[in-house]
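Before any comments, here is the structure.
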Amino acid sequence: MPDGVAAEMRQEPELLDTPRGQADDLKRLRGVGPKLEEQLNRLGVWHLRQIASWNEGEAAWIDDHLEGFRGRIQQASLKVQQQMSVLSS
């Protein structure tokens, strides 16, 4: 969980200036609405695969840079990772 991640483990994930091709609709994730999606896009998060690749330190870094949505990105990240693993098996 982001609040339990030590400061030295928090690291910036891969962020993009623009989406690669069509941006994913991040609002499809439970708990992600238009405002959170906008903040994620501003940070450089455009694709579900970006979220799926985050480790705890990267999710914590994103969480630290969101205004008004503490903890929500960790839940979304775990959900995407679970869904991607089901699809790939």
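One is the number of the first residue; the rest follow in order along the sequence.
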Which atom pairs, one a donor and one an acceptor, fall under 3.5 Å between side chains of residues 33-41 and the rest of the protein, sequence neighbours left out?
residue: E37; atom: OE1; partner: K27; partner atom: NZ; Å: 2.9
residue: E37; atom: OE2; partner: L26; partner atom: N; Å: 3.0
residue: E38; atom: OE2; partner: R42; partner atom: NH1; Å: 3.4
residue: Q39; atom: OE1; partner: E67; partner atom: N; Å: 2.7
residue: Q39; atom: NE2; partner: E67; partner atom: O; Å: 2.9
residue: N41; atom: ND2; partner: V45; partner atom: O; Å: 2.8

For L43, which residues count as a side-chain contact (heavy atoms from CB on, under 4.5 Å) partner, sequence neighbours excluded? I62, H65, L66
What distance separates Q50 CD from D24 CG, expressed to the nearest 0.5 Å? 8.5 Å
Starting at CH2 of W61, measure out to CD of E12 and round the result to the nearest 0.5 Å. 4.0 Å
Please evaluate residues N55 and M9 with respect to the criterion side-chain contact (heavy atoms from CB on, under 4.5 Å), reporting the C-alpha separation (whole Å), side-chain torsions for both, the decisive distance (0.1 Å), and the verdict. CA-CA 10 Å; N55 61 35; M9 294 189 68; over 6 Å; no
Not counting sequence neighbours, which residues clear side-chain hydrogen bond (donor to acceptor under 3.5 Å, both in side chains) with E14? List them please. R20
Tell me which pairs pass ring-ring contact (aromatic ring centres under 6.0 Å, His included) where either residue lies in residues 14-57, with sequence neighbours left out. none
